[in-house]
Amino acid sequence: MRIAVFSTKKWVRESFDAKAGEFASALTYFDAKLGPDTAVLAREHDAVCAFVNDDVGTEVIDKLADEGVKIVAMRCAGFNNVDVKRATERGIAVVRVPAYSPYAVAEHALGLILTLNRRFHRSYARVRDGNFVLDGLLGFDLHGKTIGVIGTGRIGRVFVDLVSGFGCRVLAHDPYPNEAWATEKGVTYATLEQLYAESDIINLHCPLTHGTYHIINTYAVRSMKKGVMIINTSRGPLIDTDAVIDGLKKGIVGYLGLDVYEEEGDLFFEDFSDQVIQDDTFVRLQTFPNVLITAHQAFFTREAIENIAETTFQNLREVRDSGTSQNAVPE
Ligand code: NAD
């Protein structure tokens with residue numbers, strides 16, 4: 001089996017080489033993102049390995065199938081960028097890494113909350129500049145605040161464990177509520193309306209689907225508490241960025257922490273430090289003192305990338321040996 005690995009960065013190559021086993025000589029690393037113009041690179045490969053910002057839509061699936069590719073191995077949990085139905089029609093198996101470290105993402109979300117609240121990023125810069133003034137750094141106690149968690153899957157549940165240590169009240173929303181877990185943890189399931197109306201901090205831990213696209217829109221923002229903090233470590237399109245910018249300008253959104261962004265595919269994981277960024281919406285976001293953006297790094301811990309590499313090779317092994325995998329994405 002030959003495997004074309006797209007969107008390769010140094011850390012991808014290192015973590016994959018360390019875990020490749022019998023696949024060591026079967027890997028071809030490409031820096032390029034997978035998309036309609038690069039799918040041809042998969043020629044003479046049986047599998048492609050892709051990541052969160054690769055385009056594995058209908059056109060790409062067709063091109064991969066024409067090149068004889070039989071497996072799309074996503075090295076991430078989300079598969080919103082894959083046309084799974086088309087892949088099934090064209091005889092391509094799609095596998096993913098459903099869980100590699102819920103701790104990595106939940107801990108990063110908590111990091112964004114603490115940093116936005118206590119302004120560590122601003123105090124770090126001030127103190128290094130010899131400025132020891134506290135004005136503008138006033139925070140609030142997390143203790144006693146209400147945190148709204150949208151999506152109580154693997155990451156959402158770990159996040160609840162982390163914030164319960166602060167003495168927060170947790171409201172949760174999930175179309176598949178886990179009542180036994182909620183009772184044990186003292187979590188209350190609520191409607192989105194109640195969660196928006198009562199939460200001081202809102203955390204998004206649901207997947208991107210047709211139902212969750214722009215779940216945070218103008219209507220949602222208007223139903224939130226004034227000064228609310230919104231944290232998104234899940235997928236950019238969960239938030240209508242223009243609606244949140246409007247909320248920031250009106251003071252409804254008091255803090256915004258993003259690890260993902262609607263149009264991140266054109267920016268994240270690349271170095272544009274000596275270029276003019278053309279995305280005006282992203283640049284506008286950067287102008288707010290109460291917005292903190294990280295570039296899709298929540299998953300990026302040693303443990304997580306080791307698990308991603310291990311599971312990806314295990315998925316490929318399973319499909320090679322039995323035609324399917326326990327981590328196959330259902331159509
Ligand atoms: P999971 O599948 O374990 O849990 C997702 C939960 O969301 C489920 O309980 C599901 O019922 C719920 N859900 C579905 N639709 C919903 C809706 N309309 N409203 C509320 N809840 C809804 O997934 P997970 O492992 O907890 O991951 C959550 C998301 O985190 C992933 O889908 C992925 O997009 C994102 N993620 C981001 C990073 C990163 O580096 N930033 C890394 C890994 C995962």
Side-chain angles (χ1 to χ4, degrees), residues 7 9 11-12 15 50-54 74-82 84 96-113 147-162 170-182 185 187-196 199 202-217 219-220 230-239 257-262 264-265 267-269 292-308 311-312 327 329-330:
S7 296
K9 300 288 175 199
W11 62 268
V12 175
S15 60
F51 198 43
V52 288
N53 288 329
D54 288 309
M74 299 304 294
R75 52 180 190 275
C76 53
F79 51 90
N80 49 282
N81 50 339
V82 186
V84 181
R96 65 172 181 143
V97 184
Y100 38 88
S101 171
Y103 309 103
V105 183
E107 289 169 15
H108 191 82
L110 182 61
L112 289 174
I113 291 172
I147 307 213
V149 179
I150 300 181
T152 53
R154 281 170 282 248
I155 296 170
R157 293 199 302 273
V158 170
F159 176 76
V160 166
D161 282 342
L162 299 182
V170 179
L171 289 178
H173 179 81
D174 194 306
Y176 303 98
N178 185 337
E179 298 290 357
W181 164 82
K185 302 289 178 180
V187 169
T188 307
Y189 276 107
T191 60
L192 273 183
E193 288 70 24
Q194 186 192 355
L195 186 147
Y196 290 151
S199 298
I202 294 172
N203 255 59
L204 294 168
H205 290 303
C206 55
L208 175 62
T209 62
H210 289 302
T212 59
Y213 176 79
H214 282 188
I215 191 169
I216 304 294
N217 52 26
Y219 175 77
I230 302 174
I231 304 290
N232 186 10
T233 55
S234 280
R235 284 291 180 268
L238 295 176
I239 290 185
L258 300 179
D259 186 53
V260 287
Y261 167 64
E262 271 193 280
E264 70 176 50
L267 294 170
F268 287 6
F269 308 133
L292 181 61
I293 305 174
T294 53
H296 211 134
Q297 73 172 80
F299 72 97
F300 198 47
T301 66
R302 207 168 17 248
E303 292 79 0
I305 64 171
E306 282 175 14
N307 286 340
I308 287 172
T311 308
T312 299
N327 292 324
V329 177

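Order of appearance sets the numbers: ligands from 1, and atoms from 1 within every ligand. All residue numbers in this chain count up from 1 along the given sequence. Source: prediction; values computed, not measured.
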Do F159 and V149 have side-chain heavy atoms sitting under 4.5 Å apart?
-> yes
Can you name the nearest heavy-atom pair linking R96 to F79, along with the distance?
-> CD-CD2, 3.6 Å
When the ring centroid of F299 is compared with that of W11, is the distance short of 6.0 Å?
-> yes
Those residues with a heavy-atom separation under 4.0 Å from ligand 1 are Y100, V105, I150, G151, T152, G153, R154, I155, H173, D174, P175, Y176, H205, C206, P207, T212, T233, S234, R235, D259, H296, A298, F299
Taking side-chain contact (heavy atoms from CB on, under 4.5 Å) as the test, write out the residues that go with P207, two or more places apart.
-> T209
Partner of I202 under side chain to side chain contact (heavy atoms under 4.5 Å, CB included), picked from N232, L195, I231, L192, is L195
Evaluate whether atom OH of Y103 has more than 12 neighbouring non-hydrogen atoms of other residues, nucleotides or ligands under 6.0 angstrom away.
-> no
